[in-house]
Amino acid sequence: MSGANNDATSPSFLSDKLAKIFVAGHRGLVGSAIVRKLLALGFTNLVLRTHAELDLTRQADVESFFAAEKPRFVILAAAKVGGIHANNTYPADFIAVNLQIQTNVIDAAYRFGVKKLLFLGSSCIYPKFAPQPIPENALLTGPLEPTNEWYAIAKIAGIKMCQAYRIQYNWDAISGMPTNLYGPHDNFHPENSHVLPAMMRRFHEAKVKGAEEVVVWGTGSPLREFLHVDDLADGVVFMMESYSGLEHVNVGSGKEVTIKELAELVKEVVGFEGRLVWDSTKPDGTPRKLMDSSKLAGLGWTPKISLKDGLVDTYSWYLENVKQ
Ligand SMILES: NC(=O)C1=CN([C@@H]2O[C@H](COP(=O)(O)OP(=O)(O)OC[C@H]3O[C@@H](n4cnc5c(N)ncnc54)[C@H](OP(=O)(O)O)[C@@H]3O)[C@@H](O)[C@H]2O)C=CC1
Ligand SMILES: C[C@H]1O[C@H](OP(=O)(O)OP(=O)(O)OC[C@H]2O[C@@H](n3cnc4c(=O)[nH]c(N)nc43)[C@H](O)[C@@H]2O)[C@@H](O)[C@@H](O)C1=O
């Protein structure tokens, strides 16, 4: 096996619209947004496999796939993903499945000649009490948030694997660390989803039933930073074109809200007029995780979609695609 094709004379990502690109996880929140973006840009040779067609935890199947398809670029958006409750309840799945998927895909991509790979991590890689806004170099400077440390450890291993392959093989593997994401094709599961789709669904169902109150989790005081997934997809394309460094890169909106403020915004967009009841037996998770995304801004990329506009867009997608 040859390893990576990394010659400096080959065309850039954006100028090679016929290049074969494997978007892993293309039916998920992130993967589907990346596919929409690539198609809008005129890419015509996307290789896509559903989980049922190719289980990325199976090393032999992943190797056969890469041997047969030989993609030129890989964007790794397949993972075991969930909100605070899912992370806290299924630690074995979150560490094992993610380590398996990323190890299989990153290693096979290198060995079967992929030119460039982008791995997606998450802001939960940083210590629970990291300085705010969190710079990239806060990685591995303190203990993790316990509700998602298993997932975080897998994601940190993914960053380190990309770095190791770059150092040992001079292979162009990069890592992007998105903040909390939302948008079309999100997971609206009542317990296992992230906060924003969970609230949207619960408030919508309460509005339809005429309920007077809705229960939301924790104290409402934690701060979170939200980025619309279409902005992330734009940032991913930007990094594929413009970034080839050892260090991972934060991708955030730079704007944070308390969970209470988020609840009020979602309530307004959905049109639920009842009361919110906070269930403080549920975990708050990390108190604050605003990322410092100045590195990406310095390279020339910033997000465009406000939280309010993004919520309106997501709710209209929910009404058309999810509600019963
Ligand atoms: N959502 C968020 O707020 C954030 C997400 N991220 C990162 O972005 C990436 C994508 O997340 P997101 O789009 O939200 O997740 P989703 O759960 O929406 O999508 C994940 C995708 O991966 C696929 N997948 C999971 N397991 C396997 C497997 N064994 N073999 C093949 N495919 C598999 C899923 O298919 P299926 O559903 O059929 O199993 C699904 O299409 C992840 O790396 C995540 O860590 C980072 C920060 C925040
Ligand atoms: C992206 C990120 O996502 C996860 O971390 P998280 O940010 O804590 O995720 P969350 O969206 O689930 O919760 C955010 C806050 O919101 C509160 N909250 C209120 N009501 C509901 C509610 O109904 N559901 C959920 N899920 N949370 C609720 C909840 O108590 C918490 O204070 C990581 O595990 C990890 O996977 C990761 O990287």
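Counting starts at 1 for both ligands and their atoms, in listed order.
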Working for side chain to side chain donor-acceptor pair (under 3.5 Å), residues Thr179 and Glu225: CA-CA 6 Å; Thr179 187; Glu225 177 190 22; 3.1 Å; yes
Contacting atoms of ligand 2, where contact means under 4.0 angstrom from a heavy atom of Asn87: 33 (C), 34 (O), 35 (C), 36 (O)
Carboxylate-amine/guanidinium contact Arg49 Glu69, below 4.0 Å: yes
Within-shell test, Glu145 vs ligand 2, heavy atom, strictly < 4.0 Å: no
For Cys124, the ligand 2 atoms whose distance to one of its heavy atoms is below 4.0 Å: 38 (O)
Shortest protein heavy-atom distance from atom 2 (C) of ligand 2, along with the residue and atom involved: Lys289 NZ, 3.5 Å
Nearest-neighbour protein heavy atom for atom 33 (C) of ligand 2, which is reported as residue plus atom name and distance: Asn148 ND2, 3.1 Å
Atom 26 (N) of ligand 2 [closest protein heavy-atom partner, distance rounded to 0.1 Å]: Ser193 O, 2.9 Å
Side-chain heavy-atom pair Val35, Phe43 within 4.5 angstrom cut-off: no
Shortest protein heavy-atom distance from atom 30 (O) of ligand 2, along with the residue and atom involved: Pro283 O, 2.7 Å
Pair Arg201 + Glu205, salt bridge at N-O below 4.0 Å: yes
Nearest non-hydrogen protein atom, atom 7 (O) of ligand 2: Arg224 NE, 2.7 Å
Nearest-neighbour protein heavy atom for atom 13 (O) of ligand 2, which is reported as residue plus atom name and distance: Val195 CB, 3.9 Å
4.0 Å heavy-atom contact, Gly82 with ligand 2: yes
Asp234 bridged to Lys37 by N-O distance under 4.0 Å: yes
Whether Thr147 lies under 4.0 Å from ligand 2, heavy atom: no
Side chains of His194 and Asn180, donor plus acceptor under 3.5 Å: no
Lys116 charged N/C atom sitting above Trp171 aromatic ring, 6.0 Å / 45°: no
Thr219 and Asp284: side chain donor to acceptor below 3.5 Å: yes
Carboxylate-amine/guanidinium contact Glu247 Lys295, below 4.0 Å: yes
Distance from atom 12 (O) of ligand 2 to nearest protein heavy atom, with residue and atom: Ile84 N, 2.7 Å
Closest approach of Pro127 to Thr141 (non-hydrogen atoms, all atoms of both residues): CG-OG1, 3.4 Å
Ligand 2 versus Ile259: contacting region, heavy-atom distance under 4.0 Å: side chain
Sub-4.5 Å side-chain heavy-atom contact between Leu120 and Pro178: yes
Parallel, tilted or perpendicular: rings of Phe65 and Phe22 (30°, 60°): tilted
Aromatic plane relationship, Tyr315 with Tyr318 - under 30° parallel, 30 to 60° tilted, over 60° perpendicular: parallel
Under 3.5 Å: N/O of Asn180 near N/O of ligand 2: yes
Tyr165 and Tyr169 aromatic centres sub-6.0 Å: yes
First-shell residues of ligand 1 [heavy atom, distance under 4.0 Å]: Gly25, Arg27, Gly28, Leu29, Val30, His51, Leu54, Asp55, Leu56, Thr57, Ala77, Ala78, Ala79, Val81, Ile101, Leu120, Gly121, Ser122, Tyr151, Lys155, Pro178, Thr179, Asn180, Leu181, His194
Option with minimal heavy-atom separation from atom 37 (C) of ligand 2, where the choices are Ser122, Ser123, Gly83: Ser122
Residue Ala198 vicinity, atoms of ligand 2 by number, heavy atom under 4.0 Å: 22 (C), 23 (O), 24 (N)
Close N or O approach (His85, ligand 2; < 3.5 Å): no
Mutual orientation of the aromatic rings belonging to Trp217 and His85 [parallel < 30°, tilted 30-60°, perpendicular > 60°]: perpendicular
Phe112 six-ring centre to Lys70 NZ/CZ under 6.0 Å and within 45° of normal: no
Candidate with minimal heavy-atom separation from atom 1 (C) of ligand 2, of His194, Lys282, Arg201, Lys260: His194
For atom 23 (O) of ligand 2, the option (of Arg202, Met177, Glu149, Met199) bearing the nearest heavy atom: Arg202
Residue and atom name of the nearest protein heavy atom (relative to atom 32 (O) of ligand 2), distance in Å to one decimal: Asp284 O, 2.6 Å
